[in-house]
Participant: 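The structure is given below, and queries will be raised subsequently.
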Amino acid sequence: MEDTKIPEEEKAARSLNFIEEIIEEDIRTGVNDGRVHTRFPPEPNGYLHIGHAKSICLNFGLGKKYNGKTNLRFDDTNPVKEDVEYVDSIMEDVRWLGFDWEERLFYASDYFEQLYGYALILIRKEKAYVCDMTAEEIGETRGTPTRPGKESIYRSRTVDENLDLFSRMRAGEFPDGSRVLRAKIDMGSPNMHMRDPVLYRILHAHHHRTGDQWCIYPMYDFAHGQSDSIERITHSICTLEFEVHRPLYDWFIREIGIYVPRQIEFARLNVTYTVMSKRKLLELVRDGNVSGWDDPRMPTICGLRRRGFTPESIRNFAETIGVAKRDNVIDVSLLEFCVREDLNKRANRLMAVMNPMKVIIDNYPEDLVEEMECVNNPEDELKGKRKMPFSKTLFIERDDFMEDPPNKFFRLAPGREVRLKAAYIIRCERAVKDPGTGEITEIHCTYDPQTRSGMPESNRKVKGTLHWVSEKHAIKAEIRLYDRLFTKENPDDNEEGKTYKDYLNPDSLKVITAWIEPAVLSAVIEPAVKTAGYTTSGSSAAGIFDKYQFERTGYFSVDKDSTPEKLVFNRVVPLKDSWSKVEKVK
RNA sequence: UGACCCAUGGUGUAACGGCAGCACUAGUGAUUUUGGUUCACUUAGCCCAGGUUCGAAUCCUGGUGGGUCAACCA
């Protein structure tokens with residue numbers, strides 16, 4: 001049996017994604033002397049989202065796997081859209097995900113002078129020229145995907161004239177939009193990107209790093225590949241929409257005559273019930289549909305962090321979804337699975353009642369308080385135990401009682417027995433109703449003193465086990481119950497005249513007050529709320545971001561809005577609930 | 001009606017010309033002091049048509065379907 005199993009495992013271990021295959025082939029054939037060097041190249045014009053996380057895990061993961069390096073490089077060639085606010089948040093997010101670029105933090109703007117030199121090379125080779133057409137004219141003469149473009153009348157300028165004009169562009173002699181530097185390639189190319197693309201535009205704008213040093217800025221195509229080359233990147237991994245740019249990427253490298261990196265494209269991530277485009281995410285923030293970039297309903301990394309996702313769960317998610325070239329939409333339930341899987345083994349349990357129903361134990365002494373011992377985490381003995389006060393008046397969930405229950409209902413009902421977890425078996429004697437509304441106000445039960453947890457009698461078979469809190473000991477806390485932001489699997493797939501906003505889920509946030517066992521105070525208040533200064537960094541403020549499983553309910557994370565007076569929890573994800581399915585069937 | 005890319009259960013991803021596997025989801029059952037976890041099982045797949053081959057998910061050709069590209073954005 002063993003010898004059939006081993007090859008199977010080896011086979012599985014050898015199962016590579018197409019990028020790893022390319023890399024291993026390159027290593028095998030000695031390309032770049034077997035060196036592997038990747039980079040993650042965000043533009044600092046927005047917050048990172050789960051799609052970027054896929055790219056981060058991919059790039060840094062490859063660097064690690066093949067004993068190589070991974071750079072963080074900000075693609076900051078458009079000063080009008082970029083800002084240090086984004087630079088900072090991006091670095092925080094990458095670090096939080098667990099990756100380290102070491103001393104290799106770079107900016108495309110570091111290379112502006114070098115890039116300018118490369119442009120000069122192309123001009124001298126008669127491969128680039130200054131064009132005086134307006135943006136509109138350039139657009140009109142570019143043609144369409146099915147129709148070739150027309151050559152610019154400035155295409156035939158002499159090298160000297162181009163050199164002169166380009167240096168004067170740099171010197172600031174011309175207003176924005178008056179001239180550009182263009183590559184001289186092929187206006188008839190079936191690939192639009194090869195139709196004399198713009199290399200430099202005039203932009204009298206303040207840059208977050210170079211200040212007012214420059215008034216001409218390179219375009220993405222002219223900056224990205226060359227930056228890769230300068231950094232000796234071996235495998236430049238980007239998303240599919242850049243596939244059509246690759247001939248241009250290669251053209252620049254070849255014509256300038258510099259180190260040759262290789263661009264490889266993969267399919268970007270999509271997730272059900274959310275949107276991923278920076279524009280739409282920005283709109284949601286700007287229009288107040290969410291509270292900010294880090295709203296726990298957002299697919300942003302800071303949103304997921306605040307929601308209570310762990311870096312491990314996101315890394316595992318990225319690993320599980322794989323990498324390929326076909327378009328894909330990942331079921332959000334896989335993300336939820338990944339965080340449950342992680343939190344199940346690390347989150348301590350606590351009892352919390354979300355929707356309280358008063359239970360009075362009629363035969364329990366009036367003022368007695370017993371300390372019940374609870375296991376903190378059944379998956380991890382090392383997490384130890386805690387004490388929980390038990391008294392005559394308790395709260396259980398309203399949902400855990402039914403006056404006239406169906407067959408499959410395993411919880412409390414008149415005449416039925418149920419176990420209070422870590423405490424006693426109780427029996428429901430009667431329910432008291434408000435004579436006016438008919439609403440049940442309290443339930444009277446009796447307990448069996450011989451069934452305290454640990455006693456021999458406690459092993460008696462009962463159908464259900466409930467969580468509970470002692471009324472006078474419970475701590476009130478605000479709980480934010482989050483659900484998916486959209487009601488539609490693909491909000492971008494909108495019918496007649498609707499937009500993605502028409503599918504916003506009105507119930508994506510419900511705020512309630514819950515009653516939590518007092519252990520939550522020592523667990524949370526002490527380290528968290530008493531710690532001065534909360535930050536969103538996730539590392540500096542112990543307590544904030546701490547995660548618990550509220551028994552039978554879900555996983556919850558301490559929100560940064562918590563104060564010494566009021567605890568706030570975010571629901572990361574509910575527990576799987578096979579009872580709700582049974583209920584739905586009927 | 002151009003160029004390029006893609007096509008395997010509901011979703012995602014394997015297979016390197018030799019029995020289509022894994023994960024999520026869904027369903028069934030067992031265990032359980034969480035209707036959680038864990039465990040077992042079930043349903044369900046190679047876009048179509050030709051060709052090459054002893055043998056095709058895999059190679060070739062042609063369809064079909066989907067995606068990308070016409071910012072002085074990245």
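Small disclaimer: the values here were computed from a predicted structure and weren't measured. Note on naming: letters A, B, ... go to the chains in the order of the sequence lines (proteins, then strands), and numbering restarts at 1 for each one.
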Participant: Using atom C1' of each nucleotide, how far apart are B/rU33 and B/rA20 to the nearest Å?
Facilitator: 44 Å

Participant: Under 6.0 Å from the six-membered ring centre of A/Tyr116 and within 45° of its axis: does the NZ or CZ of A/Arg170 meet both?
Facilitator: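 So A/Arg170 does make the cation-pi contact.
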
Participant: For the residue pair A/Asp75 / A/His224, report whether a side-chain donor-acceptor contact shorter than 3.5 Å exists.
Facilitator: yes

Participant: Scan A/Tyr424 against the nucleic acid and name what it touches under 4.0 Å (heavy atoms): base, sugar-phosphate only, or nothing.
Facilitator: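 Answer is nothing: A/Tyr424 stays at 4.0 Å or more from every strand.
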
Participant: Do A/Tyr273 and A/Asn490 pair up side chain to side chain, a donor and an acceptor below 3.5 Å, judged on atom types alone?
Facilitator: no

Participant: Check the phosphate of B/rU37 against A/Lys576, side-chain N and O only, distance under 4.0 Å to OP1 or OP2. Yes or no?
Facilitator: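 It does, given that an N or O in the side chain of A/Lys576 lies less than 4.0 Å from OP1 or OP2 of B/rU37.
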
Participant: Have a look at A/Asn45 and say if it touches a base, only the backbone sugar-phosphate, or nothing, with a 4.0 Å heavy-atom cut-off.
Facilitator: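 Result for A/Asn45 = nothing.
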
Participant: Is the terminal nitrogen or CZ of A/Arg179 (NZ for Lys, CZ for Arg) located under 6.0 angstrom from the six-membered ring centre of A/Phe174 and within 45° of that ring's axis?
Facilitator: yes

Participant: Can you tell me if the side-chain N/O atoms of A/Arg419 get under 4.0 Å from OP1 or OP2 in B/rU34?
Facilitator: no

Participant: Would you say A/Arg201 places a side-chain N or O within less than 4.0 Å of OP1 or OP2 belonging to B/rA74?
Facilitator: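 The answer is yes; a side-chain N or O of A/Arg201 sits under 4.0 Å from OP1 or OP2.
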
Participant: Is a donor from one side chain sitting under 3.5 angstrom from an acceptor on the other, for A/Arg39 and A/Ser236?
Facilitator: yes

Participant: When rounded to the nearest 0.5 angstrom, what is the spacing between NE2 in A/His245 and CG in A/Asn191?
Facilitator: 8.5 Å

Participant: Would you state whether a donor and an acceptor, one from the side chain of A/Ser453 and one from the base of B/rU33, lie under 3.5 Å apart?
Facilitator: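 A donor-acceptor contact between them is present.
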
Participant: Among B/rC73, B/rG35, B/rC69, find the nucleotide with the atom closest to the side chain of A/Phe409.
Facilitator: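 It is B/rG35.
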
Participant: Could one point to a donor on the side chain of A/His193 or the base of B/rA3 with an acceptor on the other under 3.5 Å away?
Facilitator: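 Donor-acceptor pair under 3.5 Å: no.
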
Participant: Is the shortest side-chain N/O distance from A/Arg326 to OP1 or OP2 of B/rG65 below 4.0 Å?
Facilitator: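 For B/rG65, OP1/OP2 do not have a side-chain N/O of A/Arg326 under 4.0 Å.
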
Participant: Should the side chain of A/Glu243 and the base of B/rG67 be counted as holding a donor-acceptor pair, with the cut-off at 3.5 Å?
Facilitator: no

Participant: Give one of base, sugar-phosphate or nothing for A/Met219, where a contact means two heavy atoms less than 4.0 Å apart.
Facilitator: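 Sugar-phosphate contact only - A/Met219 comes under 4.0 Å of backbone atoms but never of a base.
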
Participant: With respect to the phosphate group of B/rU1, does any side-chain polar atom (N or O) of A/Arg147 fall under 4.0 Å of OP1 or OP2?
Facilitator: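 For B/rU1, OP1/OP2 do not have a side-chain N/O of A/Arg147 under 4.0 Å.
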
Participant: Taking the six-membered ring for Trp, does A/Trp579 stack with B/rG35 (centroid gap under 5.5 Å, planes within less than 30°)?
Facilitator: yes

Participant: Decide whether A/Gln450 and A/Asp448 meet the rule of one side-chain donor and one side-chain acceptor closer than 3.5 Å.
Facilitator: no

Participant: For B/rA74, take OP1 and OP2 only and decide whether either is under 4.0 Å from a side-chain N or O of A/Thr77.
Facilitator: yes

Participant: Give A/Val323 one of three labels, base, sugar-phosphate or nothing, depending on what nucleic acid heavy atoms sit under 4.0 Å from its own.
Facilitator: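 Counting heavy atoms under 4.0 Å across all strands, the contact made by A/Val323 is with sugar-phosphate only.
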
Participant: Using a 4.0 Å heavy-atom cut-off, does A/Gln549 contact any base of the nucleic acid, only the sugar-phosphate backbone, or nothing at all?
Facilitator: base

Participant: Look at the side chain of A/Lys421 and decide which nucleotide, out of B/rC69, B/rC72, B/rU33, has an atom nearest to it.
Facilitator: B/rU33

Participant: Establish, with yes or no, whether the OP1 or OP2 oxygen of B/rA3 is under 4.0 angstrom from a side-chain nitrogen or oxygen of A/Thr146.
Facilitator: no

Participant: Within the 4.0 Å heavy-atom criterion, would you say A/Glu551 contacts the bases, only the backbone, or no part of the nucleic acid?
Facilitator: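 A/Glu551: base contact, heavy atoms under 4.0 Å.
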
Participant: When all nucleic acid strands are considered with a 4.0 Å heavy-atom cut-off, which category describes A/Asn191: base, sugar-phosphate, or nothing?
Facilitator: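 No contact at all - A/Asn191 keeps every heavy atom at 4.0 Å or more from the nucleic acid.
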
Participant: For A/Arg411, answer base if it contacts any base atom (sugar-phosphate contacts may also be present), sugar-phosphate if it contacts only those atoms, and nothing otherwise; contact means non-hydrogen atoms under 4.0 Å.
Facilitator: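 Base contact.
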
Participant: If you measure from CD1 on A/Ile264 to CD1 on A/Ile22, what distance do you get to the nearest 0.5 Å?
Facilitator: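 Nearest 0.5 Å value for the CD1-CD1 distance: 4.0 Å.
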
Participant: Pick base, sugar-phosphate or nothing for A/Ala324, based on heavy-atom distances below 4.0 Å to the nucleic acid.
Facilitator: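 Sugar-phosphate: the residue A/Ala324, judged by heavy atoms under 4.0 Å, touches backbone atoms but no base.
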
Participant: Indicate whether OP1 or OP2 belonging to B/rG27 is found under 4.0 Å from a side-chain N or O atom of A/Lys581.
Facilitator: yes

Participant: With heavy atoms under 4.0 Å as the rule, sort A/Lys408 into base, sugar-phosphate or nothing.
Facilitator: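 Base, at least one base atom sits under 4.0 Å.
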
Participant: Within 45° of the six-membered ring axis of A/Tyr107 and under 6.0 Å from that ring's centre, is NZ or CZ of A/Arg209 located there?
Facilitator: yes

Participant: Remember a base hit wins even if backbone is also touched, and classify A/Phe337 as base, sugar-phosphate or nothing at under 4.0 Å, heavy atoms.
Facilitator: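 Sugar-phosphate: the residue A/Phe337, judged by heavy atoms under 4.0 Å, touches backbone atoms but no base.
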
Participant: Looking only at side-chain N and O atoms, does A/Arg349 come under 4.0 Å of OP1 or OP2 in B/rU37?
Facilitator: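 Negative; the distance criterion is not met.
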
Participant: Could you tell me whether A/Lys325 contacts a base, only the sugar-phosphate backbone, or nothing, with contacts defined as non-hydrogen atoms closer than 4.0 Å?
Facilitator: sugar-phosphate

Participant: Using the C1' atom as the point on both nucleotides, what is the distance between B/rU11 and B/rA49, in whole Å?
Facilitator: 28 Å

Participant: For A/Leu575, answer base if it contacts any base atom (sugar-phosphate contacts may also be present), sugar-phosphate if it contacts only those atoms, and nothing otherwise; contact means non-hydrogen atoms under 4.0 Å.
Facilitator: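 Since a base atom lies under 4.0 Å of A/Leu575, the category is base.
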
Participant: Would you classify A/Leu203 as touching base, sugar-phosphate or nothing, given that sugar-phosphate means primed atoms plus P, OP1 and OP2, and contacts are heavy atoms under 4.0 Å?
Facilitator: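 Counting heavy atoms under 4.0 Å across all strands, no contact is made by A/Leu203.
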
Participant: Can you run through RNA chain B from 5' to 3' and write each base as (, ), [, ], | or . depending on how it pairs? Watson-Crick or G-U wobble, both distances under 3.5 Å.
Facilitator: .((((((..((((....[..)))).(((((.......)))))....(((((..]....))))))))))).....

